[in-house]
Amino acid sequence: MLVKFLARGTGSARGAANYLLGELDAAGKPREGVEVLRRDPHQVAAVADSLPFEHKYTSGVIAWAPEDEPTDEQIEAVLDAFEDTAWAGLEPDRYAWAAVLHRERGGGAHVHVLAARCDLETGRSLNIAPPG
């Protein structure tokens with residue numbers, strides 16, 4: 001399993017949400033399957049796009065190799081651990097995030113994470129993936 005944060009976040013979060021939910025991958029090939037696992041990517045994008053910050057959202061991917069063949073239960077457990085780590089100490093109503101599963105030909109899977117960079121209670125910037 002690999003967890004990677006992407007160098008994105010200053011453009012349109014709506015565009016990111018549309019990509020996550022789209023039927024085509026970055027190469028223009030049809031995806032095997034797309035499933036929203038956590039929250040609504042469009043709502044997260046709406047929150048992110050309303051922020052006054054330069055860096056409005058964080059995106060990342062949690063990926064498994066085809067030979068890993070993660071089960072739905074394993075994927076859910078990884079997402080639970082990711083959420084507990086990324087927003088440690090915060091109640092779920094203080095952050096906006098979504099997770100979208102992409103199935104790949106040959107058994108691989110990866111989950112895209114889209115998170116608004118804001119503490120919803122305080123309105124302050126919140127970076128779950130600081131540099132370094």
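Nothing fancy with the numbering, it's 1 onward along the sequence.
Take R38 and apply the side-chain hydrogen bond (donor to acceptor under 3.5 Å, both in side chains) test, not counting sequence neighbours, and it matches E76, D80, E83. Partners of R8 under the side-chain hydrogen bond (donor to acceptor under 3.5 Å, both in side chains) rule, at least two apart in sequence or in another chain, do not exist in this structure. Residues satisfying the side chain to side chain contact (heavy atoms under 4.5 Å, CB included) test with V78, not counting sequence neighbours, are M1, I62, W64. For A17, the side chain to side chain contact (heavy atoms under 4.5 Å, CB included) partners at least two apart in sequence or on another chain are P41, H42, A45, L114. Judged as a side chain to side chain contact (heavy atoms under 4.5 Å, CB included), and not counting sequence neighbours, the contacts of E104 are H110. In this structure E35 satisfies the side-chain hydrogen bond (donor to acceptor under 3.5 Å, both in side chains) test with no other residue, sequence neighbours excluded. Remark: D72 engages R103 in a side chain to side chain contact (heavy atoms under 4.5 Å, CB included) (not counting sequence neighbours). Checked against salt bridge (Lys or Arg N to Asp or Glu O under 4.0 Å), D68 has no partners two or more places apart in sequence or in another chain. Residues passing the side-chain hydrogen bond (donor to acceptor under 3.5 Å, both in side chains) test with E69: none are found, sequence neighbours excluded.
A salt bridge (charged side-chain N to carboxylate O under 4.0 Å, His left out) check over residues 120-132, counting only residues at least two apart or in different chains, returns the pairs R94-E121. Applying the salt bridge (charged side-chain N to carboxylate O under 4.0 Å, His left out) test to residues at least two apart or on different chains, the pairs with a partner in residues 12-34 are E32-R105.
When hydrophobic side chains of Ile, Leu, Val, Met, Phe, Trp and Tyr are connected at separations under 4.5 Å, L51 ends up clustered with F53.
Residues L101 and A109 share a closest heavy-atom pair of CD1-CB, 4.0 Å. Across all their heavy atoms, F82 and V113 have their closest contact at CE2-CG1, 3.8 Å. Taking every heavy atom of both residues into account, G11 and Y57 meet most closely at O-CE2, 3.6 Å. The two residues A99 and V111 make their nearest non-hydrogen contact at CB-CG1, 3.8 Å. In this structure, V47 and A116 approach most closely via the heavy-atom pair CG1-CB, 3.8 Å.
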**Request:** Show your working on side-chain contact (heavy atoms from CB on, under 4.5 Å) between D93 and L120 and close with a plain yes or no.
**Result:** CA-CA 7 Å; D93 63 348; L120 299 176; over 6 Å; no
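Residues L79 and W97 have side chains in contact (heavy-atom distance under 4.5 Å, counting atoms from C-beta outward). The closest side-chain heavy-atom distance from L126 to C118 is not below 4.5 Å. Side-chain contact between S125 and K56 is absent, with no heavy-atom pair separated by less than 4.5 Å. Looking only at side-chain heavy atoms (C-beta outward), Y95 and R39 come within less than 4.5 Å of each other.
Note on V100 and L6: separate hydrophobic clusters, where clusters join Ile, Leu, Val, Met, Phe, Trp and Tyr whose side-chain heavy atoms are under 4.5 Å apart, directly or indirectly. Under the 4.5 Å side-chain heavy-atom criterion for grouping Ile, Leu, Val, Met, Phe, Trp and Tyr, V44 is connected to V34 within one hydrophobic cluster. Under a hydrophobic-cluster definition in which Ile, Leu, Val, Met, Phe, Trp and Tyr are linked whenever side-chain heavy atoms come within less than 4.5 Å, directly or via other members, L90 and I128 are assigned to the same cluster.
The aromatic rings of H112 and Y19 sit perpendicular, their planes meeting at an angle over 60°, well past the 30° parallel limit.
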